Undergrad: 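I am attaching a structure below and will ask some questions about it afterwards.
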Amino acid sequence: MLELRFIRENIELVKAKTAKRGLDTAMLDRFMAIDARRLAILSEVEGLKNRRNTASKEIADFKKAADHASAEPLILEMKEANSRIKELDEELSAVQESLQDIVMSVPNLCDDSVPEGRDDSDNIEVRTWGDKPSFSFTPKAHWDIGVELGVLDFERAAKISGSRFALLSGQAARMERALANFMLDLHTGEHGYTEILPPYLVNTPSMTATGQLPKFEEDLFKIKDWDLYLIPTAEVPVTNIHRDETLEERDLPLKYTAFTPCFRSEAGSYGRDTRGLIRQHQFNKVELVKFTTPESSFDELESLLANAEKVLQLLGLHYRVVTLCSGDLGFSATKTYDIEVWLPGQEAYREISSCSNFLDFQARRGAVRYRPEGEKKSKLVHTLNGSGLAVGRTLVAIMENYQQEDGSIGVPDVLKPYVESRL
RNA sequence: GGAGAGGUGACCGAGUGGCUUAAGGUGCACGCCUGGAACGCGUGUGUACGCGAGUACCGUGAGUUCGAAUCUCACCCUCUCCGCCA
């Protein structure tokens, strides 16, 4: 969420940045009109309330002096003023509600370094790491490898749950677990993150703070008869750890990592990625979340990205980093890097991590502040997060990159302790 | 599900209709003191909206009143005990 006053005072900038994302700016014109009405009501009703407050004190003084005759006309005056106050208050809350609806659906301003573009084809490659592996045979897609090995079962998953669910067994299930442990050990042991195991069901205020609500409810699974949603990413519960809190600057940056399942309805992606593990209603992810000062958030974005890249480097998987263009950028983010891993079975780079800086956009919605050293006024923190990594897609990458001609799958060296300790 | 207790500022905690513009304490900031620190003393210390005077905010929402943290109603949450249960 952007600050109301900022929108009012920088309306042309906000419109330009919203247009850069390829979005309609008509709502911003409505914002200006409604906001003007709001200010007019505010000035009238606050004047009346001021009068009421002073009159109430006068009445109290008269009553104390047992001078009921002098108090009477004031009481009558206030009875009349109150009916006008009630009128204005009602209009004010209606106006504020529609203003709130608009402000909550205005996306974050994209950073100046974000390239202008329409969709993912306009994303800009920043760098690549490693090389595409070469094969003496034609590499297969992971769904063929997995089904042939008997470790991926999509048919039974469909029977149990439906489409876009998977059943992992044996080596695949164990490797998924090994990957999660490996990633968590790396981020907690080497990168200084604190491990979190959060709730997987969260309420409306939490979903609103991080930006999933009110605009993207159709992407979420909701629990019937409860104010609870299945998390689409650990970003939601972990960022909400400090909702409505004031942190101390010396404690920043706060760095958390969490391994959780993620649940997404994938509404509107009907024909896409129907085979394999790439696009599921349920998948596992190790998430990285940071709370920082405004001064350091862009540096922290670079190190967050480096922390995520490290996972792929240690696994020996070729990837590239892209900067998302304005049209592909998420609603709450000011800048996002995607890491795309190479999948030889599909001869394509596929997103395996998304690392974003949200500036104070989520912090304002969730009221996450910090007190700068030596200052008395608190400020909003900056929040960041990124996948470190999507575990299911990492499993896919290993299956496709480490496949052998005989149909078996090699185990990356760093993963061997995790896999073998389970045997 | 049944019974009871409670939700007040960064934190603890007083406060049952108008000297509450929320006591007191802790923490924090600044100043004094000190060679430097601790201790001590003093001052200050929330959020939102508004150019500002100011207005609003004591779990949430509605109500009573000239006036509500304080009274009424509904709801939410936390804790304790009982029941059920992984």
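Chain letters run A, B, ... following the sequence lines, proteins first and then strands; every chain starts at 1. The analysis underlying the following values was restricted to heavy atoms, covering all of them including side chains, and did not include hydrogens, waters or symmetry mates. Owing to the predicted nature of the structure, the values given are computational and were not obtained by experimental measurement.
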Undergrad: Could you tell me whether A/E400 and A/K140 have a side-chain N and a carboxylate O separated by less than 4.0 Å?
TA: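 Salt bridge flag = no for A/K140 with A/E400.
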Undergrad: Holding to ring-ring contact (aromatic ring centres under 6.0 Å, His included), I want the full list of residues that pass it with A/F221, two or more places apart in sequence or in another chain.
TA: A/H281
Undergrad: For residues 293-309 of chain A, pull every pair meeting salt bridge (Lys or Arg N to Asp or Glu O under 4.0 Å), keeping only residues two or more places apart or in separate chains.
TA: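 As it turns out, the salt bridge (Lys or Arg N to Asp or Glu O under 4.0 Å) pairs with a partner in residues 293-309 of chain A, which skip direct neighbours, are A/R127-A/E309, A/K290-A/E300, A/E295-A/K379.
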Undergrad: When you look at A/S332 and A/N108, which way does the side chain to side chain donor-acceptor pair (under 3.5 Å) test go after all the steps?
TA: CA-CA 5 Å; A/S332 301; A/N108 202 353; over 6 Å; no
Undergrad: Using a 4.0 Å heavy-atom cut-off to protein, can you give one letter per nucleotide of nucleotides 54-59 of chain B, 5' to 3': B if the base is in contact, S if only the sugar-phosphate is, - if neither?
TA: BBS---
Undergrad: Counting Watson-Crick and G-U wobble pairs whose two distances are both under 3.5 Å, find the runs of 3 or more in a row that involve RNA chain B.
TA: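 Stems found: B:1-7 with B:76-82, B:10-12 with B:24-26, B:27-32 with B:40-45, B:46-49 with B:54-57, B:59-63 with B:71-75.
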Undergrad: Protein-nucleotides 16-21 of chain B N/O pairs closer than 3.5 Å?
TA:
| from | atom 1 | to | atom 2 | distance (Å) |
| --- | --- | --- | --- | --- |
| B/rG18 | N2 | A/S56 | O | 3.0 |

Undergrad: Is A/N82 touching bases, backbone alone, or none of the nucleic acid, heavy atoms closer than 4.0 Å?
TA: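 Contact class for A/N82: sugar-phosphate only.
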Undergrad: May I ask you to say what A/L39 touches in the nucleic acid, namely base, sugar-phosphate or nothing, with a heavy-atom cut-off under 4.0 Å?
TA: sugar-phosphate
Undergrad: With sequence neighbours excluded, give me every side chain to side chain donor-acceptor pair (under 3.5 Å) pair touching residues 72-82 of chain A.
TA: A/R51-A/E77, A/R52-A/N82
Undergrad: Looking only at side-chain N and O atoms, does A/S378 come under 4.0 Å of OP1 or OP2 in B/rA10?
TA: no
Undergrad: For A/F259 together with A/H187, are the ring centres under 6.0 Å from each other?
TA: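 A/H187 vs A/F259: aromatic centres not under 6.0 Å.
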